[in-house]
Each structure stands twice: as C-alpha cells, then as structure tokens.
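Have a look at the structure below before the remarks.
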Amino acid sequence: MNKKKSPNKSQIIHQWLIAQIETHEIRIGDQLPTEKMIMEQFQVNRTTVRTALAKLEKAGMIVRRSGKGTFLITDSPPQFVRNFNRLELVDSDAVSGTTTYRTIEKKWVVPPKNVQLLLDSKGEEHLTFSRVVAVDDQPTLMEQTYLSEKLSDIFTDLDTNQPYYPLIEKYGGEKLAYVKINFTATKPNPEQQKLLQVDEHHPCIRLRSQLYNTKHEILEYVEALYRGDKYLFSLESLCYLPPHL
C-alpha cells in the first residue's frame with residue numbers, strides 16, 4: 001500500500017497562506033506577509049518561501065510590486081492550474097461571418113482594489129469601457145476593459161467600436177509584447193444572459209488578461225465572458241513541463 005507523501009515546506013507555507021485567505025485573515029487588496037516574516041515563522045530559506053508564493057502567482061491570486069510588496073487580488077483559489085509557455089497575441093477573429101464591436105458604456109472610474117494593484121494605480125481614475133462582440137449580429141462575448149493611466153488619456157476620444165490593439169500601437173506608440181491570461185468555466189449572471197442572449201445554464205468561459213509592452217509595463221486589464229459554444233481557444237506551447245502536483 002502506497003503511503004501518502006508528507007507535504008514539503010513550500011507546500012506547508014502555501015497551505016497556510018490559502019487558509020489565511022479562506023478565513024479572511026488576508027483580504028483582497030491586503031499585503032501578504034513579507035518573505036522575511038514567513039522565513040522567520042517557518043524557519044525556512046527565501047527560495048522555499050518564493051516557491052510557495054509562485055504557486056499563488058501562477059494561480060492569478062497575487063500580484064508582486066517591486067519595492068511595495070505582494071498583494072492579494074482574488075480570494076478564489078483554483079483547484080488546478082495549467083500553464084502554457086506561449087500565447088499568440090491576436091484579436092479574436094471570426095472563422096466566417098462579419099465581426100462587430102458594440103460599446104455599451106465608456107467612462108472614467110476608480111477601479112476596484114484588485115484592478116488598481118494590477119494596473120499599479122495609486123487610486124486615480126482610469127478609463128474603462130464594456131462592449132459586446134458579435135458575429136453576424138449574434139453576440140459571442142462581452143468584455144470589461146480597464147486601461148492604464150497613459151492609455152486612458154489617449155482613448156478618451158477614440159472609437160472603441162472596433163479592434164483596438166492596432167489603435168494602441170498607432171496612437172499610443174506602444175509595442176505590444178505579451179499577455180497573461182487566466183480562464184475558467186462559469187455560468188452567466190442575469191445581465192450577461194441578456195447581453196449574450198443565453199440562459200442561465202449556458203456554458204461560458206471567463207477570461208482575465210493583462211496586456212504588456214516590451215518594457216514589461218501593463219497597458220490594460222480585461223475581464224471577458226465568452227460563449228462556450230462559439231469559441232475555440234487555440235494555444236501553442238514551446239515545450240511541455242510536467243505538472244508538479
């Protein structure tokens with residue numbers, strides 16, 4: 001009979017952090033204990049602590065800010081995380097049919113705390129817009145976009161009823177480099193059901209993404225909901241790394 005392996009030190013720290021989050025000892029927007037504090041509490045080295053924190057970062061639960069610390073941006077840990085080394089940075093294109101973009105709302109707001117952390121915001125207002133993307137007049141996805149401080153000023157008077165990545169390069173002078181994406185299966189809420197023209201049991205894919213330039217500066221944060229019957233996500237990996245469970 002195989003004996004269950006005891007968790008190693010980094011796993012113990014990871015489990016402790018998850019417990020702190022689940023019991024609301026650490027809340028969204030809170031700064032996590034420093035690496036030094038965790039090292040002293042568990043009598044481990046810095047590498048062990050960073051291994052534990054890396055699991056939370058890969059799960060999209062925390063964000064690290066140089067010189068400021070590590071902050072919690074979501075308190076819903078996924079059960080499994082599959083990471084891909086490479087994602088093509090392209091706009092969504094219809095295999096067939098005509099794609100249209102309809103902006104529902106566009107305004108300046110102070111983003112939620114977790115979005116402020118991702119945008120490295122100091123609590124100032126940013127431009128946000130929500131829109132529905134349709135193919136042949138049939139809604140396929142809806143998205144909420146929060147722009148960086150620089151892009152907010154540029155996009156105030158620009159038309160967002162079109163693919164806007166080319167506009168970022170043309171008017172913002174930015175060179176797009178890479179995007180970080182997390183996605184999970186979910187069900188639409190009543191407002192999303194209405195906009196996507198689906199019922200409450202319709203399978204959907206929730207996607208959260210951050211777009212970066214070649215200087216590793218974040219340009220936008222997006223939360224999107226894709227109809228599961230309308231999209232195929234095509235991913236390419238440079239190599240296969242066995243999951244460490």
Worksheet item: Without hydrogens or angle criteria, can the side chains of E174 and Y212 be said to hold a donor-acceptor pair below 3.5 Å?
Response: no
Worksheet entry | Side-chain donor or acceptor of R208 paired with backbone N/O of Y221 under 3.5 Å | no
Worksheet item: Can you tell me if CG on D229 sees more than 12 non-hydrogen neighbours from other groups inside 6.0 Å?
Response: yes
Worksheet item: Can you find a pair of side-chain heavy atoms, one from K187 and one from H201, that are under 4.5 Å apart?
Response: yes
Response to the item:
Of all heavy-atom pairs linking I218 and L119, the shortest is CG2-CA, 3.9 Å
Worksheet entry | Cluster check V198, Y226: I/L/V/M/F/W/Y, side chain < 4.5 angstrom | no
Worksheet item: Which heavy atom in P166 sits nearest to a heavy atom in P163, and how many Å separate them?
Response: CD-O, 3.8 Å
Discussion item. Quick check: do L196 and L225 have side-chain heavy atoms less than 4.5 Å from each other?
Written reply: yes
Worksheet item: Does any non-hydrogen side-chain atom of T70 lie less than 4.5 Å from one of L56?
Response: no
Worksheet entry | For V110, the rest of its hydrophobic cluster, which grows through side-chain links under 4.5 angstrom | none
Worksheet entry | I13 and V44, any side-chain heavy atoms less than 4.5 Å apart | yes
Discussion item. I'd like to check W16 versus F42 (side-chain heavy atoms, cut-off strictly below 4.5 Å). Are they in contact?
Written reply: yes
Worksheet item: Any side-chain heavy atom of L127 within less than 4.5 Å of one from L151?
Response: no
Worksheet entry | hydrophobic_cluster_shared for M37 and I26, side chain cutoff 4.5 Å | no
Item to complete: Would you check if the side chain of Q43 reaches a backbone N or O of E40 as a donor-acceptor pair within less than 3.5 Å?
Response: yes
Worksheet entry | Shortest non-hydrogen separation from V109 to K107 and the atoms involved | CG1-CE, 3.6 Å
Worksheet entry | Distance, nearest 0.5 Å, that separates OG1 of T128 from CD of E220 | 10.5 Å
Practice prompt. Look only at the side chain of Q116 and the backbone of P111, and say whether a donor-acceptor pair between them is shorter than 3.5 Å.
Written response: yes
Worksheet item: Would you say N189 has more than 12 foreign heavy atoms packed within less than 6.0 Å of its CG?
Response: yes
Worksheet item: Any chance NZ of K9 has more than 12 other-residue heavy atoms, nucleotides or ligands included, within less than 6.0 Å?
Response: no
Worksheet item: Do the side-chain N and O atoms of T48 and S10 include a donor-acceptor pair separated by under 3.5 angstrom?
Response: no
Discussion item. If hydrophobic clusters are built by linking Ile, Leu, Val, Met, Phe, Trp and Tyr wherever their side-chain heavy atoms come under 4.5 Å apart, do I73 and Y146 end up in the same one?
Written reply: yes
Worksheet item: How close do S209 and I181 get, heavy atom to heavy atom, and via which atoms?
Response: CB-CG1, 3.9 Å
Worksheet item: With S121, which of K113, E149, H126 fulfils side-chain hydrogen bond (donor to acceptor under 3.5 Å, both in side chains)?
Response: H126
Fill in: Under 3.5 Å: donor-acceptor pair, side chain of R65, backbone of L117
yes
Worksheet item: Are side-chain heavy atoms of R27 and L72 found at a separation under 4.5 Å?
Response: no
Fill in: Worked verdict on I168 versus L176 for side-chain contact (heavy atoms from CB on, under 4.5 Å)
CA-CA 8 Å; I168 293 176; L176 308 186; 3.7 Å; yes
Fill in: I154 to G172 - nearest heavy-atom pair and separation
CD1-CA, 3.5 Å
Worksheet entry | Within one Ile-Leu-Val-Met-Phe-Trp-Tyr cluster: M39 and I12, side-chain cutoff 4.5 Å | yes
Practice prompt. Sequence neighbours left out, what passes ring pair (Phe, Tyr, Trp, His ring centres under 6.0 Å) with F129? Give chain and number order.
Written response: Y164
Item to complete: Please report the C-alpha distance between T156 and W108 in whole Å, then the side-chain angles of each, then the deciding distance to 0.1 Å, and finally whether the side-chain contact (heavy atoms from CB on, under 4.5 Å) criterion is met.
Response: CA-CA 9 Å; T156 299; W108 286 79; 3.2 Å; yes
Discussion item. How long is the straight-line distance from CG of L207 back to CG of N182, given to the nearest 0.5 Å?
Written reply: 8.0 Å
Item to complete: Kindly determine whether R102 and R131 satisfy side-chain contact (heavy atoms from CB on, under 4.5 Å), including the steps that lead there.
Response: CA-CA 5 Å; R102 178 170 63 90; R131 63 183 190 171; 5.7 Å; no
Fill in: Side-chain heavy-atom pair M61, E57 within 4.5 angstrom cut-off
no
Worksheet entry | Full working for side-chain contact (heavy atoms from CB on, under 4.5 Å) between V132 and I104 | CA-CA 7 Å; V132 173; I104 302 169; 3.4 Å; yes
Fill in: Shortest non-hydrogen contact from Q162 toward D159
NE2-O, 3.0 Å
Worksheet item: Hey, what do you get for CD1 (I38) to CG (L53), rounding to the nearest 0.5 Å?
Response: 5.0 Å
Item to complete: Please check if the side chain of Q192 supplies one atom and the backbone of P190 the other of a donor-acceptor pair under 3.5 Å.
Response: no
Worksheet item: Between E105 (side chain) and S130 (backbone), is there a donor-acceptor pair under 3.5 Å?
Response: no
Fill in: Under 3.5 Å side-chain donor-acceptor pair for Q138 and K230
yes
